[in-house]
Amino acid sequence: MRQLDSRKIVVATHNAGKLAEIRELLAPYGLEAVSAGELGLPEPPETGVTFEENAYTKAFASASATGLPALSDDSGLEVDALGGAPGVYTADWAEKPDGSGRDFQMAMRKVENLLREKGATEPARRGGRFVAVLCLAWPDGGAEYFRGEVEGTLVWPPRGDRGFGYDPVFKPNGYEQTFGEMSAGEKHSWEAGRGDLGLSHRARAFARFATAMLEPA
């Protein structure tokens, strides 16, 4: 596995919530992280059909544009009763009809409406998972991938105003709070050197990335 020897890294995202989570996870490692959004880089079209393909598209675009290694995250919600949808199209489901941005309240209602159409009103039929794939890409095209998943149940109505995206309707297995009700520390519940993988899908992917590629500062 290729090692990360740079102390500066581009986080290939324009999503402020995602950037905040990744920066918090990177903090113990002394890396200088700058986002693609802060650098004014364009968002490449995500045409892949897997999380890995989309993560690579974003990471390599930032790495090739800056000459620095770039870390990207592609993540989404898979709902069992919906055949794994929205999956890689999780963010697309939040796109406003007029193209003016994303509305995750609308996206959560869409998921709920589809679940009700399927008759999936009992918790046992409302299972799903959040998936995150981190891709670390270099300017020469090389890349490493790290995947994390967390199983849970979709709840309604949405609960909590923390986190972002679909967090208010996702209750991880073994917990009574949704991700939208948890603090960042509770949601991730992972610390460098502690030996577990944490709670959230992004924390679990990051734990695998950090174990393989990083050392605490």
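Just so you know, these numbers use all the heavy atoms, side chains as well, and skip hydrogens, waters and symmetry mates.
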message = Whether the side chain of Tyr56 engages the backbone of Gly141 through a donor-acceptor N/O pair (distance < 3.5 Å, no angle test) should be reported.
response = yes
ask   = Do side-chain atoms of Arg102 reach the backbone of Ala94 as a donor and acceptor pair under 3.5 angstrom?
value = no
Less than 4.5 Å apart, any side-chain heavy atom of [X] and any of [Y]?
{"X": "Asp74", "Y": "Glu46", "value": "yes"}
{"X": "Asn54", "Y": "Val88", "value": "yes"}
{"X": "Thr178", "Y": "Phe170", "value": "no"}
{"X": "Val169", "Y": "Val111", "value": "no"}
{"X": "Lys110", "Y": "Gln105", "value": "no"}
{"X": "Asp73", "Y": "Phe209", "value": "no"}

ask   = Can you get from Val155 to Tyr175 by hopping between Ile, Leu, Val, Met, Phe, Trp and Tyr side chains that sit under 4.5 Å apart?
value = no
query = In terms of hydrophobic clusters joined by side-chain contacts under 4.5 Å, are Trp156 and Met182 together?
reply = yes
ask   = Taking the six-membered ring where the residue is Trp, are the ring centres of Phe164 and Phe104 under 6.0 Å apart?
value = no
ask   = Between Thr13 and Asn15, is any side-chain donor less than 3.5 angstrom from a side-chain acceptor?
value = no
request  = Would you mind telling me which of Glu149, His188, Glu186 makes a side-chain hydrogen bond (donor to acceptor under 3.5 Å, both in side chains) with Ser200?
outcome  = His188
